[in-house]
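All remarks here apply to the structure that follows.
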Amino acid sequence: MPLRPVSANSSSSILPLLKGCKTIRDLNQIHTHIIHRGCEQDHHLIAHFISICAAAQPANVRYPTAAFNAVTTPNIYLWNILMKAHCENASLGECFALFSRMRRESNMLPDKYTFPSLIKACSGISALREGQVVHAAAVRCGTEGDAYMGSSLIDFYGKCGEIECARKVFAEMPVRNEVSWTAMMAGCLNCGDIEAARKTFDEMPKKNDVTWNAMIKGLVKFGDLVSAKKVFDEMPVRDVVSFTTLIGGYAKAGDMAAARSMFDQMPSKDLVSWSALMSGYVQNGKPGEAVKVFGEMWAMNLKPDEFILVSLMSACAQLGSSELARWIESYIREGCYDTARAHVAAALVDMNTKCGDMARAAKLFEEMPQRDLVSYCSMIQGLCLHGRGAEAVALFYRMMDEGVRPDNVAFTVILTTCSHAGLVDEGCRIFDLMTEKYAMRPSPDHYACMVNLLGKSGRVKAAYELVQTMPMETHAGAWGALLGACRLQGDVELGEMVARRLFEVEPRNPGNYVLLSNIYAEADRWLNVSDLRDRMSEKGLRKIPGCSYLESTTPA
DNA sequence: TTAGGGTTAG
C-alpha cells in the first residue's frame, strides 16, 4: 500500500492509513511510521495496530506483541486486545503464557473482556481441561454473571460435549439473549439430541438468522434433509448462509442436482457458496463439473480464495490432468496465494502425485516449512501409486520421527501401501506399532489391509487367526479379503468356512458365491461348483460380469 | 468480547 505523507504529528493522521492495511508488509510500513512519529505510547493507536495485525495475512502474533511490548504502561484494554489476537492466531500454550504474563506483570485483574476470547480458543480445539481452568479463573474474578461470558461458556461446554455443564451455566445466567439461547441449542445439536434442540428452538423468546441457520445445519448433520428444508422454508428471511448450509447438505447426501438448483435460486452468492457447490461436485466424484463451476466463477471475474483453489486442485487430482495441474500452479503463484498454508500445500502435493509429476510433488513437499499429517499422507500415497513402496514406508517412519502422530487414515494409507508392494514384515511391524505404541484400535479396514497383505504372501492361516481376534462382529470387508486370500492360495477347507460366515452377513452378495465357486473350480470340485450355482439361482442371484476396457474394445 | 455456511490424505 503506498504511503501518503502525514501532515500532523499525531495518531489521527496514521489511523486512516492503518485501517487500509491488509498484509503484514503494509503494517510494517505503518509501524515504522508510528515509531518515527513518536506514537508508540498511544494506547488507542496501538490497540488498532494489534487488532489489524491479528486480521492480516499471513497471521502472526510476534509483530503485534513487539508493538505491545514497547508500551510502558499498557491498560487493561490493550492487554485484552493482545489476548484476543493471540487467541485467534496462536497456540493455546501461547495464549496461556500471555495470560500468566498479564497476571504477573500488571497489577490489574483480568475482566469480562479477557475471558471470552480465551474460552473461545479452548472451544476451537475442544480443550476441556484448559477451558475449565479459565472458567474457574473467571469465577474467581467475579465475571461469571456477564452475558458474553455465559454465552462463551455454553458454547464451550456444548462443543466439548459436556451438555450438562452447558445447561448449568445457561440455567444460572441472570439474563439470556439470542446468543446464549442459540449456543445452548447448538450444544444440544452437537451432542446429537435433536429433540432437546428443537425444544430449545421452540421455547426461545426471539430468533435471528444465526439461530435458524444453526438449526438447519444441525438437521443437515444428522442427514434429515426433509426437516432441514422445512425449517429453511419456514425462515422469515433466508440469507446466503441458509442457502449455503442446504447446498452442503444436498452435496453430502449425494444429490448434486438439488444442490445446483438451490445454488441457482440464490438471490446473491458469496465465495463460500461457490466453494460449497464446487466441493460438493468433488466429494461426489464429479471433478469435471467442479472445474466447470470454477470456469463460471472465472467468467464473472471473481477472485477465488484458498478454499476454492483446494477444491479445484482436488478436482484436478481426480481428473489426473497434468496440463490443468500446471495451469493451477502458475495461477496460484501469480495470484500471491499463501502456498505455505497447510491445506494448500497438501493439495498441491496430492495433485502433483496424482497427475504424474512425482519430482514436482517431492520438491514442494520438501520445501514446506512444516509438513503436517495430511501432506505426509498425500506423499506416502503418491509413492505407493508410483510403485515406490519402500520409499513410502521410509517416509512413514520419518513422519513419526518428526513427531507427527499418525491417525486412522494414515495407517490405512501405509498398510495399503505395504499390501500393494508386498512388504509383509514392514506391514506387520506397523500394525503392531498402531496397537502397541499408539494404543489405537484397528478398524475393519485396517484388518482388511492386513488380511490382503498376509494372504498375498501365502500366510492365509495367519490372516485367519488375525481376523478371529477382531473385536467386532464378522465384517464383510475383512472376511471378504480373507476369502480372496483363500482363493489365491487354493485353500478349499478354510475358504468354505469363511464363505459360510460371509453368507450369513451378506446373503445377497453374489461376489462371495462366485469366489467360493472359483475356489472349488480350481480344485476340480465340479460337483460343489454346480451345487453353489444352484443355490445362487434359488436366491435369484447373478454375478454382474466384469468388463475391462481391453475386453470391451477387442473385436470378438 | 459471545452463537451460524465452504477446504486436504484412505
Side-chain angles (χ1 to χ4, degrees), chain A residues 51 77 80-81 83-84 87 111-120 123 143 146-156 158-159 173 176-187 189 207-218 220 239-249 251-252 269-280 282-283 304-314 317 341-351 353-354 372-382 384 406-417 443 445-446 448-449:
Chain A
S51 57
Y77 177 59
N80 286 338
I81 292 261
M83 178 60 83
K84 188 166 183 282
C87 292
D111 66 4
K112 61 179 185 179
Y113 294 93
T114 318
F115 294 111
S117 42
L118 253 179
I119 290 283
K120 194 177 177 174
S123 317
T143 64
D146 177 63
Y148 284 83
M149 193 64 228
S151 299
S152 307
L153 284 169
I154 293 165
D155 178 55
F156 162 71
K159 286 201 171 112
M173 275 179 88
R176 300 179 195 105
N177 59 19
E178 288 132 86
V179 180
S180 31
W181 278 94
T182 305
M184 190 64 236
M185 185 193 81
L189 288 168
K207 300 177 184 69
N208 61 20
D209 285 357
V210 180
T211 319
W212 285 93
N213 291 333
M215 190 72 212
I216 295 172
K217 173 70 181 172
V220 159
D239 65 3
V240 63
V241 179
S242 338
F243 278 95
T244 309
T245 309
L246 217 46
I247 289 171
K252 197 178 137 203
K269 303 167 177 80
D270 64 6
L271 282 184
V272 182
S273 24
W274 283 95
S275 169
L277 185 68
M278 262 186 82
S279 72
V282 172
Q283 283 156 24
D305 65 3
E306 270 110 350
F307 283 72
I308 289 165
L309 291 172
V310 167
S311 285
L312 181 66
M313 285 189 271
S314 183
R341 287 181 89 167
H343 283 84
V344 179
L348 271 168
V349 170
D350 179 56
M351 177 177 75
T353 67
K354 292 197 176 126
D372 69 350
L373 181 63
V374 179
S375 49
Y376 262 112
C377 286
S378 298
M379 197 62 209
I380 290 168
Q381 207 201 164
C384 171
D407 68 352
N408 274 320
V409 177
F411 278 109
T412 307
V413 171
I414 193 65
L415 292 175
T416 307
T417 302
S443 72
D445 281 349
H446 296 128
C449 286

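Since the model is a prediction, treat every value here as computed from it, not as a measurement. All chains are named by letter (A, B, ...) in the order of the sequence lines, taking the proteins before the strands, and each is independently numbered beginning at 1.
Side-chain N or O atoms of T182(A) include one that pairs as donor or acceptor with a backbone N or O of E178(A) at under 3.5 Å. Under the 3.5 Å distance criterion, the side-chain polar atoms of N80(A) are left unmatched by any main-chain donor or acceptor of M83(A).
Rounded to a whole Å, the CG atom of L271(A) is 15 Å from the P atom of dG6(B). At whole-Å resolution of the value, CG in L246(A) and P in dG6(B) are 12 Å apart. I216(A) has its CD1 atom 19 Å from the P atom of dA3(B), to the nearest Å. Remark: C1' of dG5(B) and CG of L277(A) are 14 Å apart, rounded to the nearest angstrom. The distance between atom CG of D407(A) and atom P of dT8(B), rounded to the nearest whole Å, is 15 Å. Rounding to whole angstrom units, CG of residue N80(A) and P of dT1(B) are separated by 10 Å. Whole-Å rounding puts the L373(A) CG to dT7(B) C1' distance at 16 Å. The distance between atom CD1 of I247(A) and atom C1' of dG5(B), rounded to the nearest whole Å, is 9 Å.
Between V413(A) and C384(A), the closest side-chain pair of non-hydrogen atoms is not below 4.5 Å.
Comparing atom distances between the K354(A) side chain and each of dG10(B), dT8(B), dA3(B) picks out dG10(B) as nearest. Here the side chain of V210(A) is nearest to one of dG5(B), dA3(B), dG10(B), namely dA3(B). Closest to the A183(A) side chain, of the nucleotides dA3(B), dG6(B), dG10(B), is dA3(B). Considering only side-chain atoms of V272(A), the nucleotide from dG6(B), dT2(B), dA9(B) that sits closest is dG6(B). Among dG10(B), dG6(B), dG5(B), the nucleotide with an atom closest to any side-chain atom of D270(A) is dG5(B).
OP1 or OP2 of dT2(B) has not a single side-chain nitrogen or oxygen of K159(A) nearer than 4.0 Å. The phosphate of dG6(B) has neither OP1 nor OP2 within less than 4.0 Å of any side-chain N or O from Q283(A). Phosphate proximity of dG5(B) to K269(A): absent, as no side-chain N or O sits under 4.0 Å from OP1 or OP2. Taking only side-chain nitrogens and oxygens, S314(A) comes nearer than 4.0 Å to OP1 or OP2 of dA9(B). Of the side-chain N and O atoms in K120(A), one or more sit less than 4.0 angstrom from OP1 or OP2 of dA3(B). The side chain of S117(A) contributes no N or O atom lying less than 4.0 Å from OP1 or OP2 of dT1(B). At dA9(B), none of the side-chain N or O atoms of Q381(A) fall inside 4.0 Å of OP1 or OP2 (strictly under the cut-off). The side chain of K84(A) contributes no N or O atom lying less than 4.0 Å from OP1 or OP2 of dT1(B).
The salt bridge (Lys or Arg N to Asp or Glu O under 4.0 Å) test applied to K207(A) returns no partner, not counting sequence neighbours. In this structure S51(A) satisfies the side chain to side chain contact (heavy atoms under 4.5 Å, CB included) test together with I81(A), sequence neighbours excluded.
The ring of H343(A) lies on top of the base of dT7(B), close enough and flat enough: under 5.5 Å between centres, under 30° between planes. Residue side chain Y148(A) fails the stacking definition with respect to dT2(B), as its ring centre and the base's six-membered ring centre are not both under 5.5 angstrom apart and under 30 degrees in plane angle.
A side-chain N or O of N208(A) and one of T211(A) form a donor-acceptor pair less than 3.5 Å apart. In this structure, a donor-acceptor pair under 3.5 Å is absent between the side chains of D155(A) and S152(A).
Side-chain atoms of T244(A) and base atoms of dG5(B) include a donor and an acceptor less than 3.5 Å apart. The base of dG6(B) sits with one of its N or O atoms less than 3.5 Å from a complementary donor or acceptor on the side chain of D305(A). Looking at N408(A), its side chain has no donor and acceptor atom pair within 3.5 Å of the base of dG10(B). For N177(A) against dA3(B), no side-chain N or O and base N or O form a donor-acceptor pair under 3.5 Å.
Among the protein residues, T182(A) comes within range of the nucleic acid bases, having at least one heavy atom under 4.0 Å from a base atom. Base engagement by V240(A) is indicated by at least one non-hydrogen atom pair under 4.0 Å involving a base atom.
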